Amino acid sequence: MRRSQAFIPTTKEAPNDATLPSHIFLSRAGFIQQVAAGLYNYLPLAKKVIRKIENIINEEMAAIGAQEVELSFVTPAELWAESGRIEKFGKELLRFRDRKENLFVLGPTHEEMMVNMVRNRVTSYKQLPLHLYQIKTKFRDEARPRFGLMRGREFIMKDGYSFHADYEDMSREFDAVEAAYKRILERLGLEFRIVEADSGAIGGSGSKELMVLADSGEDTIAVCSECEYGANIEAAKRSARGEIPQPPEEADFAKFFTPNVKTIEELAEFFKIDPYYTVKCVAKKCIYEDAEEIVLFFLRGCDNLQEVKAINATDALDIVDVSEEELKAIGLVPGFIGPLDQDKAKHVIDEDLKEATMMVCGANEKDYHFVNVDMSILKDVAYYADIAEVNEGDICPVCKKGKLSFTKGIEVGHIFKLGTTYSEALKAEFLDENGKAKPFVMGTYGMGVSRLVAAIIEQHHDENGCIWTKSTAPFLVNVMVSNIKDEEQNSFGEALYKQLQDAKVEVMLDDRKERFGFKMKDAELIGFPYTVIVGKELANGNVQIYERATSEKTTVAKEEVFDKLMEMLRK
RNA sequence: CGGGGUGUAGCUCAGCAUGGUUAGAGUACUUGGUUUGGGACCAAGGGGCCGAAGGUUCGAAUCCUUUCACCCCGACCA
């Protein structure tokens, strides 16, 4: 491609609303153009990058025997009613009616469509397992799209669905997909972690997220310093607290006068103890489909409630804050709520408090706390669950040696052991060896293709622009003729361009009548892995190869530059 | 969906409190010239229904009302 003819509208200034490097540079370098909130046009460079990512995905999917399909973007609303998700998804589903007044939904994910396609066509265990996938535009009418390609309303996603006769086989496929996803991200040159995740409302027996590590990530993940363990903070577990603080002095169980001591900080200060030995109460209101209920969550004073875990522990649809008035109305005293009276509201006690001793907790009476409480007395009556958010420094639940630390990640993939949720809802069954009808056991696997474009730049950029890796670059080599009016430079540049093209190298020839600095800045902004500078050195028989990732310029004899480039590209 | 903000040239923005001929700058674009190793310089140009609709006024980018869009914080996010 000749740069003079290429549609690559680069700009010196970033759009005023871009904050993330990926958004800024993809806009400035002419990859994307925003058309409305969360909607982007892909210009030629972005289209090429997307195609490269898709090719890598296709290769790795083929390697595990998955077959590519393409489902209709417009999906009939009846399918969504059948699975019950038309309500669950709510306003994120963009609905509309056709000329016959039939209701349709733009596909945000395709479980229903895929099950619908397979049901009554795959009817025997002999046809299983089956793994189908597509790479397709999705639409979710997000309440607040942001960060460029990172969180759009319309985006490209690879979504795969596998069908199995039993859980064991589904689990095997799940592992195979995890391995394939790992290879994809490695080939894209990304630094990532595969982490345990919350399965959320979609259910199933487990899920993992693929997190590209980047400060701008919207998810917090806990990773172990010693082993491979990593988990989304929503699902992270721990084996124990890093260091057990100094216990309080021995004392008898007693009710203690603690005037106006309401917060954990005040309580710890009042008794001169570590918050570890206090019981914190977090009161919330759990929302159910047709009811709501105040629930008291008890944790150690040093821990915080993890809301996703709390939702899972209560099976609530949502959890909201509760006012002091509402608490007083049911006889609770905010600031002095304790776990020993189980009758005033539903209690959920964190597992870490099961055996706790020497604790200080509220006495459910204004200005009084109990001291030296042995929590194990509640063992037989209380409901326990893991509801605490892990802290940095907690001990890894897997190797039990390493310490957990937090890092930010961009969720680029999420794989689910889905089970029979959709096959049951949509009555998709097969006959097993005994002629008995069973619902398919399913897995579902997503990977955000357009989000990957942004994630790559989040990890690979500097102050001058994008730094594409060889596997993702829209063009591998940029041949830059420094002074287009110099006949020698010009003809050498043209010849090298032709030579590289003949060798099937994706090459750009910067043949514009611009100054050296302008063209260099432009090349850096776009992020070609290699730029051949055909300039003043040519008079001495030399050109330079500028490597974007290292910013190094290497002088090479003009006769050798082609071979040298081919060697660098092979590496 | 709550709270806040912004809409003026392709892009970044000034002008608006206190209405007054033809609406500005930088950048980008076109033409000519000089320059040619890190986003050059000089000159001449083209480009605007001042987000939209109503209103007030002799006169509205500017004041009032309505509306739409976009952004930010939060809630939400299989």
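Just the heavy atoms: all of them, side chains too, but no hydrogens, waters or symmetry mates, feed the values below. What you are looking at is a predicted structure, and each value in this text was computed from that prediction instead of being measured. Naming convention: chains lettered A, B, ... in sequence-line order (proteins, then strands); numbering from 1 in each chain.
At the heavy-atom level, M480(A) lies nowhere under 4.0 Å from the strands shown. Residue contacts shown for A143(A) include a base, since a base heavy atom lies under 4.0 Å away. At the heavy-atom level, P9(A) lies nowhere under 4.0 Å from the strands shown.
Nucleotides rU21(B) and rU65(B) have their C1' atoms positioned 29 Å apart, rounded to a whole Å. Atom name C1', nucleotides rU18(B) and rU27(B): the rounded distance is 32 Å, in whole Å. Taking the P atoms as reference points, rA43(B) lies 37 Å from rU6(B), given to the whole Å. Between rC58(B) and rG19(B), the distance separating the two P atoms is 15 Å to the nearest Å. Nucleotides rC16(B) and rC50(B), compared at atom C1', are 11 Å apart to the nearest Å. Taking atom P in both rU67(B) and rG4(B), the straight-line distance is 16 Å, to the nearest Å. The same atom, C1', is picked in rG15(B) and in rA53(B); the two are 24 Å apart, to the nearest Å. The separation of rU34(B) from rG7(B), taken at their P atoms, amounts to 43 Å, rounded to a whole angstrom.
Between the C1' atom of rA14(B) and the CD atom of E13(A) lies a distance of 14 Å, rounded to the nearest Å. Atom CZ of F147(A) and atom C1' of rC70(B) are 16 Å apart (whole Å). When rounded to the nearest whole Å, the span between CD1 of I287(A) and P of rC76(B) equals 12 Å. rC76(B) atom C1' lies 14 Å from atom CD of E411(A), rounded to whole Å. Atom P of nucleotide rC11(B) and atom CD1 of I8(A) are separated by 20 Å, given to the nearest angstrom. Atom CG in D219(A) sits about 13 Å away from atom P in rC76(B), given to the nearest Å. As a whole-Å value, the separation of D486(A) CG from rU35(B) C1' is 15 Å. When the P atom of rG74(B) is taken as reference, atom CD of E142(A) falls 15 Å away, rounded to whole Å.
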For nucleotides 36-45 of chain B, 5' to 3', base contacts (B), sugar-phosphate-only contacts (S) and non-contacts (-) with protein non-hydrogen atoms under 4.0 Å give BBBBB-----
Chi angles and distances behind the side-chain hydrogen bond (donor to acceptor under 3.5 Å, both in side chains) call for S323(A), E326(A): CA-CA 5 Å; S323(A) 68; E326(A) 289 172 282; 3.0 Å; yes
Under the side-chain contact (heavy atoms from CB on, under 4.5 Å) rule, what do I8(A) and I526(A) come out as? Steps first, then yes or no, please. CA-CA 9 Å; I8(A) 307 174; I526(A) 293 168; 3.8 Å; yes
Should Y445(A) and S162(A) be marked as a side-chain hydrogen bond (donor to acceptor under 3.5 Å, both in side chains) after you check the CA-CA gap, both sets of side-chain angles, and the distance that decides it? CA-CA 8 Å; Y445(A) 321 100; S162(A) 67; 2.7 Å; yes
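The side chain of Q34(A) contributes an N or O atom lying less than 4.0 Å from OP1 or OP2 of rC71(B). For rC73(B), one of the phosphate oxygens OP1 or OP2 lies less than 4.0 angstrom from a side-chain nitrogen or oxygen of R144(A). Side-chain nitrogen and oxygen atoms of N16(A) include none within less than 4.0 Å of the OP1 or OP2 phosphate oxygen of rC71(B).
Heavy atoms from other residues, nucleotides or ligands lying under 6.0 Å from CG of D215(A) number 12 at most. By the 6.0 Å contact criterion, NZ on K182(A) is open, its count of non-hydrogen atoms from other residues, nucleotides or ligands being 12 or less.
Taking the six-membered ring wherever Trp is involved, the centroid distance between the rings of F31(A) and W468(A) falls below 6.0 Å.
Between the side chain of R146(A) and the base of rC71(B), no donor-acceptor pair of N or O atoms lies under 3.5 Å.
Using modelled atom types, one finds no donor on one side chain facing an acceptor on the other under 3.5 Å when comparing T555(A) with N542(A). A donor-acceptor pair shorter than 3.5 Å can be found between the side chains of H414(A) and E411(A).
L525(A) is not listed as a side-chain neighbour of N464(A), based on a closest heavy-atom distance of 4.5 Å or more.
A glycosidic torsion no more than 90° from 0 defines the syn conformation, and rA17(B) adopts it.
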Only Watson-Crick and G-U wobble pairs with both distances less than 3.5 Å should count. Give RNA chain B in dot-bracket notation, marking inter-strand partners with |. (((((((..((((......[...)))).((((((.....)))))).....(((((..]....))))))))))))....
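Remark: K417(A) is not positioned above the aromatic ring of Y167(A), lacking an NZ or CZ atom under 6.0 angstrom from the ring centre and at most 45 degrees off the axis.
Here the options are E68(A), H110(A), K158(A), E70(A), the test is side-chain hydrogen bond (donor to acceptor under 3.5 Å, both in side chains), and the partner is Q134(A); only H110(A) passes.
Between E307(A) and D17(A), the residue anchored nearer the 5' end of RNA chain B, judged by the nucleotide with its closest heavy atom, is D17(A).
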